[in-house]
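Read the structure below first, then the notes.
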There are 2 protein chains.
Amino acid sequence: MTTDSPAGQSPSRSKRADAQRNRQTVLAAAAEVFVTSGVDAPIRQIAARAGVGMATIYRHFPTRADLVTAVYRHQIEACAEAGPNLLASADSPLDALRQWIDLFVDFLVTKHGLADALQSDHDRFAALHAYFLDRLLPVCAQLLDAAVEVGDIRPGTQPYELMRGIGNLCIGRDNDPRYEPRRLIALLLQGLHRPHSA
Amino acid sequence: MTTDSPAGQSPSRSKRADAQRNRQTVLAAAAEVFVTSGVDAPIRQIAARAGVGMATIYRHFPTRADLVTAVYRHQIEACAEAGPNLLASADSPLDALRQWIDLFVDFLVTKHGLADALQSDHDRFAALHAYFLDRLLPVCAQLLDAAVEVGDIRPGTQPYELMRGIGNLCIGRDNDPRYEPRRLIALLLQGLHRPHSA
DNA sequence: AACTGAAGCGGAGCGCTGTTCCGTTTAGTA
DNA sequence: TACTAAACGGAACAGCGCTCCGCTTCAGTT
């Protein structure tokens with residue numbers, strides 16, 4: 001990929017050095033705050049942590065989605081890039097899909113409130129939602145197609161619906177032993193599955 | 001059931017007539033506002049619609065969850081009571097479960113933002129969450145058990161997990177043609193299903 | 001019917017958010 | 001060093017939840 005194309009992120013398009021420094025400072029602070037207070041943490045808190053004014057954050061990241069996107073960009077990329085690799089290394093396309101979904105779920109559940117924000121605060125996080133889709137949807141589609149191709153799963157499932165469903169299942173308070181998203185996702189995949197002899 | 005036991009609701013425990021009248025006025029106003037602005041509508045808006053002060057609402061419904069619970073109480077009850085009936089009238093326990101889930105989903109998706117609130121704003125809506133569980137979990141468990149009993153579905157699925165999963169799948173902007181919760185829920189049930197010959 | 005205590009009421013007020021605006025500071029250039 | 005435009009900080013405004021308190025109205029009593 002190029003150093004940057006969608007939403008503003010790389011250190012490229014900026015003249016002054018202090019601005020770039022501040023950008024990094026804010027990113028680091030946001031990453032820390034997100035861990036403890038979730039992606040809905042008050043801007044003031046992030047600004048304080050970074051030692052900058054609020055306007056500085058808004059200047060670099062006009063919407064909250066831009067900030068969140070920038071913070072998690074690398075991990076989303078990694079997830080996207082893992083798709084093809086898994087397809088090559090796994091025993092079967094279905095296995096690759098399973099492992100990839102596992103990665104995706106890992107990412108979501110370790111980010112306090114990310115899944116919630118993605119679907120519940122749809123409007124405010126529209127840009128983030130779009131970025132997720134841009135990067136991950138094609139990967140999911142590729143895995144899905146491959147699994148259909150070899151007859152592992154039934155055709156007809158839309159990648160968008162599947163991804164959003166998985167995302168939705170990851171919503172909710174963490175650490176509730178009575179609710180384990182992976183169990184339901186496994187059930188979903190089970191429903192997708194079609195024995196070779198059918 | 002008794003006229004009231006959990007959170008304050010019936011017109012019983014109040015001496016003054018105007019208080020009871022206001023309670024009903026607020027309930028009606030809230031119901032209307034919820035339709036257009038969702039269950040997260042500003043209290044001020046509901047108060048304005050009802051022609052009362054905000055404190056009146058807080059006095060009758062200390063938490064937002066209490067208000068939402070009161071507004072939807074009848075429908076939740078209806079859903080709960082439908083369970084046993086379906087079990088008696090449907091072709092099979094699995095069919096009963098399917099139809100009941102359909103009712104539940106109907107209820108959720110027609111209430112703008114209800115599913116979102118239930119899981120995302122878990123803390124603020126804790127009381128509502130609890131009420132849902134109290135009334136619907138036993139019903140779901142009964143249907144699930146019956147279906148397992150006759151061998152329609154595999155054992156081991158926890159009612160809580162299933163209900164919450166279904167609720168989660170119903171989260172999100174309505175009217176997105178690319179995402180239809182029922183399709184995924186059907187997939188989930190498919191995964192639960194066990195052919196008679198297994 | 002008039003009286004009265006308390007139940008009930010309304011909305012101003014506080015605290016916490018997001019977001020903007022503008023006077024001030026600072027980096028880069030000449 | 002002087003200058004200019006980019007970048008900055010935080011005060012300020014708006015919208016929200018929730019509470020507090022002085023005022024109103026009901027219901028029972030005489």
Side-chain angles (χ1 to χ4, degrees), chain A residues 8-9 11-30 33-34 36-69 113 116-117 120-128, chain B residues 7-8 11-30 33-34 36-69 113 116-117 120-128:
Chain A
Q9 56 282 31
S12 46
R13 224 33 91 102
S14 176
K15 303 192 174 175
R16 283 172 55 160
D18 57 344
Q20 294 186 35
R21 233 180 305 120
N22 267 331
R23 166 174 244 280
Q24 289 310 118
T25 308
V26 167
L27 270 175
V33 172
F34 286 171
T36 60
S37 307
V39 294
D40 271 318
I43 294 289
R44 276 175 174 82
Q45 192 179 335
I46 301 171
R49 180 78 161 233
V52 303
M54 288 174 301
T56 298
I57 295 183
Y58 279 103
R59 227 170 283 117
H60 286 295
F61 310 98
T63 77
R64 192 179 213 90
D66 294 324
L67 179 56
V68 177
T69 305
D116 306 52
S120 297
D121 264 325
H122 195 280
D123 292 341
R124 248 159 114 230
F125 285 89
L128 180 58
Chain B
S12 47
R13 226 30 91 103
S14 175
K15 300 191 174 178
R16 284 174 55 162
D18 57 344
Q20 295 186 36
R21 235 180 303 121
N22 268 330
R23 165 175 246 279
Q24 289 310 117
T25 308
V26 167
L27 270 176
V33 171
F34 285 171
T36 61
S37 307
V39 295
D40 270 319
I43 294 289
R44 276 174 174 84
Q45 191 179 335
I46 300 171
R49 179 79 160 232
V52 303
M54 288 176 300
T56 298
I57 295 183
Y58 279 104
R59 225 170 285 116
H60 287 296
F61 309 98
T63 78
R64 192 180 211 88
D66 293 324
L67 179 56
V68 177
T69 304
D116 306 52
S120 299
D121 264 328
H122 195 281
D123 293 340
R124 251 163 111 225
F125 285 89
L128 179 57

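Note on naming: letters A, B, ... go to the chains in the order of the sequence lines (proteins, then strands), and numbering restarts at 1 for each one.
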Show the nearest heavy-atom pair for residues Gln45(B) and Ser37(B), with the distance to one decimal.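 Taking Gln45(B) first and Ser37(B) second, the nearest heavy atoms are NE2-OG, 3.1 Å.
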From [atom1] of [X] over to [atom2] of [N], roughly how many Å is that when rounded to an integer?
{"X": "Asp123(B)", "N": "dC18(D)", "atom1": "CG", "atom2": "C1'", "value": "17 Å"}
{"X": "Phe125(B)", "N": "dG17(D)", "atom1": "CZ", "atom2": "P", "value": "10 Å"}
{"X": "Ile57(A)", "N": "dG9(D)", "atom1": "CD1", "atom2": "P", "value": "10 Å"}

Donor on one side chain, acceptor on other, Thr63(B) and Asp66(B), under 3.5 Å: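 Present: a donor and an acceptor within the cut-off.
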Do Asn22(B) and Thr25(B) meet the criterion of a side-chain donor-acceptor pair at a distance under 3.5 Å?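 On atom types as modelled, these side chains do not qualify, holding no pair under 3.5 Å.
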Just wondering, do Phe61(B) and Thr69(B) contact through their side chains at under 4.5 Å, heavy atoms?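 SC-SC contact between Thr69(B) and Phe61(B) ruled out.
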Measure the shortest side-chain to side-chain distance between Leu67(B) and Phe34(B) over non-hydrogen atoms and say whether it is less than 4.5 angstrom.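 Sidechains of Phe34(B) and Leu67(B): in contact.
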When you measure from the side-chain N and O atoms of His60(A) to the phosphate of dC8(D), is any distance below 4.0 Å, counting only OP1 and OP2?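 Yes, because at least one side-chain N or O of His60(A) sits under 4.0 Å from OP1 or OP2 of dC8(D).
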Any side-chain N or O of Asn22(B) below 4.0 angstrom from OP1/OP2 of dG8(C)?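 Looking at the OP1 and OP2 atoms of dG8(C), neither is under 4.0 Å from any side-chain N or O of Asn22(B).
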Salt bridge (charged side-chain N to carboxylate O under 4.0 Å, His left out) partners of residues 42-61 of chain B, not counting sequence neighbours, each pair once: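 The answer is Glu32(B)-Arg49(B).
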What does the inter-axis angle of the helix from dA1(C)-dT30(D) to dA30(C)-dT1(D) come out as, five pairs per end, nearest 10 degrees?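 End-to-end axis angle: 10°.
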Quick one: list whatever passes side-chain contact (heavy atoms from CB on, under 4.5 Å) with Ala117(B), sequence neighbours left out.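 For Ala117(B), the residues satisfying side-chain contact (heavy atoms from CB on, under 4.5 Å) (neighbours in sequence not counted) are Val39(B), Phe125(B).
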N/O contacts under 3.5 Å, protein versus nucleotides 17-23 of chain C?
from, atom 1, to, atom 2, distance (Å)
dG18(C), OP1, Arg64(A), NH1, 3.3
dG18(C), OP2, Ile43(A), N, 3.0
dG18(C), N7, Arg44(A), NH1, 2.8
dG18(C), O6, Arg44(A), NH2, 2.9
dT19(C), OP2, Tyr58(A), OH, 3.1

Identify all side-chain donor-acceptor contacts of residues 50-58 of chain A below 3.5 Å with residues at least two apart in sequence or on another chain.
none

Can you tell me how far CG of Asp40(A) sits from CG of Asp116(A), rounded to the nearest 0.5 angstrom?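 Asp116(A) CG to Asp40(A) CG: 8.5 Å, rounded to 0.5 Å.
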Its contact letters, B for base, S for sugar-phosphate only and - for none at protein heavy atoms under 4.0 Å, make nucleotides 24-30 of chain C read --BSS--
